[in-house]
There are 2 protein chains.
Amino acid sequence: MSQSCRFTVAVHTCTLLGLETDHVLTSEWIAASVNTNPVVIRRILSALNKAGLVCSIRGSNGGSTLARKAEDITLLDIKRAVDTEGPIPLYNQPPNEKCPVARSMQPVLRRVIERAEAAREAVLATTYLSEVIAAVPKV
Amino acid sequence: MSQSCRFTVAVHTCTLLGLETDHVLTSEWIAASVNTNPVVIRRILSALNKAGLVCSIRGSNGGSTLARKAEDITLLDIKRAVDTEGPIPLYNQPPNEKCPVARSMQPVLRRVIERAEAAREAVLATTYLSEVIAAVPKV
DNA sequence: CCGTAATGTAACAGTAACAACTACAGTTAT
DNA sequence: ATAACTGTAGTTGTTACTGTTACATTACGG
């Protein structure tokens with residue numbers, strides 16, 4: 001696998017939570033649907049919790065629920081919660097400062113890449129969890 | 001580094017080639033500007049060559065040049081040339097087929113992610129190498 | 001036609017990120 | 001008290017990528 005699938009699992013998890021609003025779901029139950037280890041789910045849930053998207057109840061009969069309505073959660077909310085990406089490093093080692101081209105490449109590239117990222121995020125920002133839930137057959 | 005900077009290096013390389021159209025540049029020269037190993041540059045150039053973006057001349061006095069005008073090369077061309085990404089796997093292990101939600105998550109997610117990717121690529125597709133070159137001070 | 005300078009690749013080590021897993025401490029209903 | 005569940009630290013295996021060495025191939029220029 002080349003790239004993180006935390007986002008995928010997080011949306012999957014939130015979809016399950018959004019479909020079962022009358023009771024909490026355990027990490028073990030969610031893990032069975034995603035087909036992974038419960039700890040992986042708990043890490044995702046922990047991040048979603050810190051972002052204020054889910055509530056987790058500890059102890060016996062515990063589990064998680066959505067903290068907000070699915071209509072008020074965008075996929076960008078979910079992505080930001082679980083993808084801990086700071087400013088992307090453009091180069092491994094800083095380019096040669098003696099080369100005038102190299103000196104000015106970095107800000108130019110950063111501008112372009114940020115514009116492209118913003119376009120992608122705009123799509124996620126206008127896609128709501130409720131839409132995903134609506135596209136999934138009711139259990 | 002979390003993510004590939006091949007794209008960055010490729011744009012850097014193409015910018016240098018676009019600024020020096022009267023003679024070829026060697027991988028060693030480009031590597032000095034990027035501050036990396038010549039082999040890394042040659043790998044990038046090889047990919048750009050296969051995509052028809054640069055011409056490489058072997059043997060003594062060899063080197064590389066742009067195969068097209070900078071006005072006819074988009075950043076998406078460059079990205080596609082060096083980022084060999086097939087269809088992104090959404091899950092590490094396929095989700096539980098017995099869960100109806102899990103069964104339908106994959107296509108739903110793929111649609112959303114593809115829409116978001118398309119938006120990002122649209123920005124790169126309308127950004128031309130010539131614009132990057134124009135934003136860089138003439139050597 | 002020989003030496004030099006360059007590309008093109010293969011092979012390998014080191015690093016970083018991540019998933020999967022075990023273990024265990026903390027928490028809460030029954 | 002016990003059972004059930006979350007939260008998190010620590011470990012392992014995998015993957016991807018950069019950086020590097022080594023070497024074959026190619027072409028110019030004397």
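The sequence lines fix the lettering, A, B, ..., with proteins before strands; numbering per chain opens at 1.
- Contact check, A:Asn92 against D:dG19: a side-chain N or O comes under 4.0 Å of OP1 or OP2.
- Note: CZ (A:Arg43) to P (C:dA19) measures 8 Å, nearest angstrom.
- No side-chain heavy atom of A:Thr21 sits less than 4.5 Å from a side-chain heavy atom of A:Thr65.
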Once each nucleotide of nucleotides 22-30 of chain C is scored for protein heavy atoms under 4.0 Å, what B/S/- sequence comes out, 5' to 3'? B---BBBSS
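- Between A:Asn35 and B:Gly63, it is B:Gly63 whose nearest contact on DNA chain C lies nearer the 5' terminus.
- Looking at heavy-atom distances under 4.0 Å, A:Arg6 makes contact with sugar-phosphate atoms alone, never a base.
- The side-chain hydrogen bond (donor to acceptor under 3.5 Å, both in side chains) search around B:Arg115 returns A:Thr127, not counting sequence neighbours.
- Here the OG atom belonging to B:Ser64 is positioned 10.5 Å from the CZ atom belonging to B:Arg42, to the nearest 0.5 angstrom.
- Checked by atom type, the side-chain pair A:Asp77/A:Thr74 shows a donor-acceptor distance below 3.5 Å.
- Put simply, the side chain of B:Tyr128 does not reach to within 4.5 Å of the side chain of B:Leu76, judged on heavy atoms.
- Here the P atom of nucleotide D:dT6 and the CG atom of A:Leu17 are 11 Å apart, to the nearest Å.
- Across all strands shown, A:Ser64 has no heavy atoms under 4.0 Å from either base or sugar-phosphate atoms.
- One interatomic measurement links the two molecules: NE2 of B:His23 to P of C:dA6, which rounds to 13 Å at whole-angstrom precision.
- Nucleotide D:dA4 holds its P atom 10 Å from the CD atom of A:Glu28, rounded to whole Å.
- Side-chain contact between B:Ser104 and A:Val136 is present, with heavy atoms from C-beta onward closer than 4.5 Å.
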I would like to know whether A:Glu117 and A:Arg120 meet salt bridge (charged side-chain N to carboxylate O under 4.0 Å, His left out); could you show each step before the answer? CA-CA 5 Å; A:Glu117 278 302 309; A:Arg120 180 169 73 178; 3.2 Å; yes
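- Backbone-only engagement by A:Asn49 is indicated by non-hydrogen atom pairs under 4.0 Å involving sugar-phosphate atoms exclusively.
- For A:Ser56, the listed nucleotide lying nearest its side chain is D:dG7; candidates were D:dG7, D:dT18, D:dT8.
- One finds no side-chain N or O of B:Thr26 lying less than 4.0 angstrom from the OP1 or OP2 phosphate oxygen of C:dA6.
- One interatomic measurement links the two molecules: CH2 of B:Trp29 to P of C:dT7, which rounds to 13 Å at whole-angstrom precision.
- A straight line from CD1 of A:Ile44 to C1' of D:dT8 spans 15 Å, rounded to a whole angstrom.
- Note on B:Gln93: a side-chain N or O is less than 4.0 Å away from OP1 or OP2 of C:dA20.
- Atom CG of B:Leu25 is separated from atom C1' of C:dA5 by 16 Å (rounded to the nearest Å).
- The separation between A:Ile41 atom CD1 and D:dC5 atom P is 15 Å, rounded to whole Å.
- The phosphate of D:dG19 has OP1 or OP2 within less than 4.0 Å of a side-chain N or O from B:Thr36.
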